[in-house]
Amino acid sequence: AAEVGRLQAELNKSLEDNSEKIREVAELCDKLSAREAAEAAAEAAGLGRADALREQIEQARKDLEESRRQASEDLGRSEADLAQLKAEIAGEQTSRKNEAERAQAAEERLASCTRDAAEALDASAV
C-alpha cells in the first residue's frame, strides 16, 4: 500500500509537471499565434500601403500625361500663333516696302516733273 501511495504520488507529480509543461506550451503557442497575427496584420497593412502607393503613382503618371498633352496642345497653339504673327509681320513688311517703293517712284516723278517744268521755263524764256 505504501508503494501504491508512493507511485500514486509520483504519478500526480508527473501529471502536475506535464500540466505545467502543457500550460507553458499553450502560452508559447498563444504568443506565437499573436506574433504571427501581428506579422500578418503588418504585412497586410504594408500591402495596403503598397497598393495605395501604386495607385498614387498611377494617378501621378496619368496627371503627368495629361499635363504633357495640354502642354503639347498649348505649344501647338503657340506655334500656330507665332506663324500667324510672322505672316502678319511679313505682310506688314511687304506693305511698307511697297509703300516705300511707291513713295520713291512718286519722288522720282516729282523730280522729273520739276526738271521738265524748269526746262520748259528756260525754253520759254529764250
Side-chain angles (χ1 to χ4, degrees):
E3 183 68 18
V4 172
R6 187 186 63 77
L7 288 173
Q8 199 165 11
E10 281 182 32
L11 179 61
N12 287 339
K13 174 75 172 135
S14 179
L15 287 174
E16 267 182 45
D17 290 346
N18 286 342
S19 293
E20 183 62 31
K21 287 182 182 179
I22 289 170
R23 276 192 294 277
E24 288 174 9
V25 169
E27 285 176 12
L28 288 174
C29 286
D30 287 345
K31 287 179 183 177
L32 181 60
S33 294
R35 182 177 172 199
E36 287 175 345
E39 287 174 356
E43 185 177 331
L47 292 175
R49 185 162 186 236
D51 288 343
L53 289 173
R54 269 191 223 99
E55 288 176 15
Q56 288 176 350
I57 290 168
E58 186 60 31
Q59 185 60 47
R61 189 175 292 131
K62 288 176 183 177
D63 292 346
L64 178 61
E65 286 300 318
E66 178 64 19
S67 294
R68 283 182 181 163
R69 185 189 63 74
Q70 286 186 353
S72 179
E73 288 176 2
D74 291 346
L75 178 61
R77 281 191 295 273
S78 295
E79 287 174 344
D81 291 346
L82 180 60
Q84 182 179 352
L85 286 173
K86 284 182 177 180
E88 289 174 8
I89 289 169
E92 185 64 29
Q93 288 173 337
T94 300
S95 176
R96 287 183 182 182
K97 181 182 173 191
N98 291 341
E99 209 173 285
E101 288 174 356
R102 284 192 298 272
Q104 179 68 32
E107 286 177 12
E108 289 172 4
R109 283 194 306 274
L110 179 60
S112 176
C113 288
T114 303
R115 279 191 305 274
D116 290 347
E119 288 174 5
L121 280 175
D122 286 343
S124 67
V126 176

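Ion pairing between a basic and an acidic side chain is recognised when a charged N comes within 4.0 Å of a carboxylate O; Glu20 and Arg23 show such pairing. Salt bridge status for Glu65 with Arg68: present, with a side-chain N to carboxylate O gap under 4.0 Å. Arg69 and Glu66 are joined by a salt bridge, as a carboxylate oxygen and a charged side-chain nitrogen come within less than 4.0 angstrom of each other. In summary, Glu58 and Arg54 do not engage in a salt bridge, as defined by a charged side-chain N under 4.0 Å from a carboxylate O.
One N or O on the side chain of Ser67 and one on the backbone of Asp63 form a donor-acceptor pair closer than 3.5 Å. In this structure, the side chain of Thr114 engages the main chain of Leu110 through a donor-acceptor pair within 3.5 Å. One N or O on the side chain of Thr94 and one on the backbone of Ala90 form a donor-acceptor pair closer than 3.5 Å.
For the 3.5 Å distance criterion, the side chains of Glu88 and Gln84 qualify, holding a donor opposite an acceptor.
The CD atom of Glu16 sits 11.0 Å away from the CG atom of Leu11 when rounded to the nearest 0.5 Å. Note: Gln59 CD to Lys62 NZ = 6.0 Å, rounded to the nearest 0.5 Å. Annotation: the span from Lys86 atom NZ to Gln93 atom CD amounts to 12.0 Å, rounded to 0.5 Å. To the nearest 0.5 Å, atom CD1 of residue Ile57 and atom CG of residue Leu64 are 13.0 Å apart. Summarising the geometry, atom CD belonging to Glu101 is positioned 10.5 Å from atom CD belonging to Glu108; distances are rounded to the nearest 0.5 Å. The structure places CG of Asp122 at 8.0 Å from CD of Glu119, a figure rounded to the nearest 0.5 Å.
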* To do: Could you walk me through whether Arg77 and Asp81 pass salt bridge (charged side-chain N to carboxylate O under 4.0 Å, His left out), step by step?
  => CA-CA 6 Å; Arg77 281 191 295 273; Asp81 291 346; over 6 Å; no
